[in-house]
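On a predicted model such as this, the values are computed, not experimentally measured, just so you know.
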There are 2 protein chains.
Amino acid sequence: MPRRENVSMSVIRRLPRYYRFLRYLKKTGVTRISSTELSAKLGLTASQIRQDLNCFGGFGQQGYGYIVSQLCDEIANILSLSSQYPAILLGAGNLGSAIGAHMSFQEEGFHLIGIFDQSSDRIGMELANLKIRDVAELEKFCKKEKPVMAIFCVPRDAAAELAEKLYGLGIRSFWNFSHYDIAMQYPDAVVESVHLNDSLMTLCYRISN
Amino acid sequence: MPRRENVSMSVIRRLPRYYRFLRYLKKTGVTRISSTELSAKLGLTASQIRQDLNCFGGFGQQGYGYIVSQLCDEIANILSLSSQYPAILLGAGNLGSAIGAHMSFQEEGFHLIGIFDQSSDRIGMELANLKIRDVAELEKFCKKEKPVMAIFCVPRDAAAELAEKLYGLGIRSFWNFSHYDIAMQYPDAVVESVHLNDSLMTLCYRISN
DNA sequence: TAGATTGTTAATCGATTAACAATC
DNA sequence: TAGATTGTTAATCGATTAACAATC
């Protein structure tokens, strides 16, 4: 009997990969797949895949395997991808612009409702069908629009300052591309960090060793 | 007596974080730190930090701790950050442009020497002090300039095709932002993947649960 | 029914933490 | 020297893998 509580992050982090691959299978017309086939394609063990899925429910059929489209939907459901959490983007520089464009295109789970920057060069410009706002308007905007998630594409110092402000305004989830460590400062916040530099450094290590 | 072989990825992935924080300490004038202090700041155990560092050498002094600038340099050295591996960027769309700009700014371990795209809108444009080239020139360029690493900021199908070509040309390391799974196809390649969608989906899960 | 494959329990493996002797 | 903190070994914890009974 599966429980959704206490599912480890190791498991959670594999779900999007399953989802991505199942969607691809579905697109290419595959209707049925066994854990063994899946494991071969993903480079995991069949055991792990069954173990992972059974944290959430018995989605397969003994002797048959899994129905691709059904499993795909189940995972989308587990991840709550049909949510439309209102999100704001902080920083419309190179990375911020890319993320903004990406968000407006993808829209799985989140919906971008505001973009903020402090540079007068950028304020007023259009990005992802939104006009870039002055970060000075942030507080007013949040009180009115109640975003749930904030994306940090700003430098470290700005991130520290903005995190404090947004936390004060009740925002508890952050997608963090900055060098500032939000998770350490606000332990009850949900923080997902993407440190591109860190990623590149581990690549450098592995090439060299 | 530490050995550099067989250091687990869990350890490697923490090194850039140590490095980042130590550099910050150095900048703010801190000269000495103990594993206990570090652990409090980073939200890890002191034991783990000492364990991690001792995979590579005894960088501390009993009864004293670690000299910040020295430890910082040691980690930079372990990660081979003074390397200048020639790298190429594939795809100069929103994300590619952001990564390109980032690379030319940072230059830790890698040096961007070429940018390629297939869109005539972009070919010829300037990015990160480089002129965007036609992807048709890729093979010729690689034979001449011998890049060591390739950054994938292209859609899945283009990624599959380009990975095959570049692998054939001898490139064995990839920074992969695409949905295509290079690591599975070429097991002897060093692949570091950044799946922004996956990251966002785990955030969605955590908000919802 | 026989064959296949799941769901789940038990065994193994690896990573993290605790403890402490070595030593600055 | 006494106090502090490392380096390192041993204990614990969690995640992965193997095995197999349940069942489609």
Side-chain angles (χ1 to χ4, degrees), chain A residues 1-18 22 25 30-75 78 183-184 202 205, chain B residues 1-18 22 25 30-72 74-75 78 183 202 205:
Chain A
M1 305 303 119
R3 293 223 205 76
R4 262 183 102 128
E5 304 144 43
N6 296 50
V7 179
S8 78
M9 275 306 287
S10 321
V11 176
I12 310 299
R13 292 204 177 281
R14 279 189 293 268
L15 294 179
R17 180 133 183 266
Y18 296 153
L22 287 162
L25 284 179
V30 180
T31 56
R32 179 205 155 262
I33 196 157
S34 70
S35 58
T36 308
E37 288 171 278
L38 250 183
S39 71
K41 302 278 193 179
L42 293 173
L44 304 168
T45 65
S47 212
Q48 181 166 63
I49 292 172
R50 292 202 301 278
Q51 195 79 280
D52 284 355
L53 296 176
N54 284 317
C55 292
F56 304 98
F59 304 131
Q61 287 166 241
Q62 272 116 327
Y64 178 83
Y66 301 86
I67 295 165
V68 171
S69 68
Q70 188 196 305
L71 186 56
C72 197
D73 292 350
E74 291 286 3
I75 297 179
I78 292 163
M184 268 310 285
T202 65
Y205 173 89
Chain B
M1 307 302 118
R3 294 223 204 75
R4 262 183 103 127
E5 303 143 43
N6 296 51
V7 178
S8 78
M9 275 306 288
S10 321
V11 175
I12 309 300
R13 291 204 178 281
R14 279 189 294 268
L15 294 179
R17 181 133 183 267
Y18 296 154
L22 287 163
L25 284 179
V30 179
T31 56
R32 179 205 155 262
I33 196 155
S34 70
S35 57
T36 309
E37 287 172 279
L38 250 183
S39 71
K41 302 278 193 180
L42 293 173
L44 304 168
T45 65
S47 211
Q48 180 166 64
I49 292 172
R50 293 203 300 278
Q51 195 79 278
D52 284 355
L53 297 176
N54 285 315
C55 293
F56 303 98
F59 304 130
Q61 288 165 240
Q62 271 118 330
Y64 179 83
Y66 301 86
I67 296 166
V68 171
S69 67
Q70 188 197 304
L71 185 56
C72 198
E74 292 285 4
I75 297 179
I78 292 163
T202 65
Y205 173 89

Task: Strand DNA chain D as a dot-bracket string - pairs counted if Watson-Crick or G-U with both distances under 3.5 Å, | where the partner lies in another strand - done: ..||||||||||||||||||||||
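For the pair I12(A) CD1 and dA15(D) C1', the computed distance is 14 Å after rounding to whole Å. Straight-line distance from the CG atom of L53(A) to the P atom of dT8(C): 12 Å, rounded to whole Å. One atom, OH of Y64(B), and another, C1' of dT6(D), lie 13 Å apart when rounded to the nearest Å. Across the protein-nucleic acid pair, L38(B) atom CG and dT5(D) atom C1' stand 13 Å apart, rounded to whole Å. Put simply, CD on Q51(A) is 12 Å from C1' on dA19(D), counting in whole angstrom units. One interatomic measurement links the two molecules: CG of D52(B) to P of dG7(D), which rounds to 12 Å at whole-angstrom precision. The distance from atom CD1 of I33(A) to atom P of dA4(C) is 18 Å, rounded to the nearest whole Å. Rounded to an integer number of Å, the gap from CE of M9(B) to P of dA15(D) is 18 Å.
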- [ ] Could you go through the side chain to side chain contact (heavy atoms under 4.5 Å, CB included) check for Y18(B) and L71(B) one step at a time?
- [x] CA-CA 9 Å; Y18(B) 296 154; L71(B) 185 56; over 6 Å; no
- [ ] Give the C-alpha distance, both sets of side-chain angles, the deciding distance and a yes or no for side chain to side chain contact (heavy atoms under 4.5 Å, CB included) between T31(A) and V68(A).
- [x] CA-CA 5 Å; T31(A) 56; V68(A) 171; 5.6 Å; no
Open item on the list: Show, in sequence, the C-alpha distance, side-chain angles and deciding distance for R50(A) and Y66(A), and conclude whether the side chain to side chain contact (heavy atoms under 4.5 Å, CB included) test is met.
Closed with: CA-CA 10 Å; R50(A) 292 202 301 278; Y66(A) 301 86; 3.7 Å; yes
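Contact check, S35(A) against dT6(C): a side-chain N or O comes under 4.0 Å of OP1 or OP2. Side-chain nitrogen and oxygen atoms of R50(B) include none within less than 4.0 Å of the OP1 or OP2 phosphate oxygen of dA18(C). Side-chain nitrogen and oxygen atoms of Y66(B) include none within less than 4.0 Å of the OP1 or OP2 phosphate oxygen of dA4(D). At dT16(D), one or more side-chain N or O atoms of R14(A) fall inside 4.0 Å of OP1 or OP2 (strictly under the cut-off).
With hydrogens and angles ignored, the 3.5 Å screen pairs a side-chain donor or acceptor of R32(A) with a backbone N or O of Y64(A). Looking only at distances, no side-chain donor or acceptor of Q48(A) sits under 3.5 Å from a matching main-chain atom of T45(A). Looking at R17(A), its side chain does come within 3.5 Å of a backbone N or O of L42(A) through a donor-acceptor pair.
Contacts between residues 39-49 of chain B and DNA chain D, counted as heavy-atom distances below 4.0 Å, involve no residue at all.
The residue among G63(A) and Q62(B) whose nearest nucleotide of DNA chain D is located toward the 5' end is Q62(B).
Annotation: side chain of I67(A) is in contact with side chain of Q61(A) (closest heavy-atom distance under 4.5 Å). Between I78(A) and F59(A), the closest side-chain pair of non-hydrogen atoms falls below 4.5 Å. Counting heavy atoms from C-beta outward, L53(A) and E74(A) have side chains that stay 4.5 Å or more apart.
Listed nucleotides: dT8(C), dA15(C), dC24(D). Nearest to the side chain of S10(B): dA15(C).
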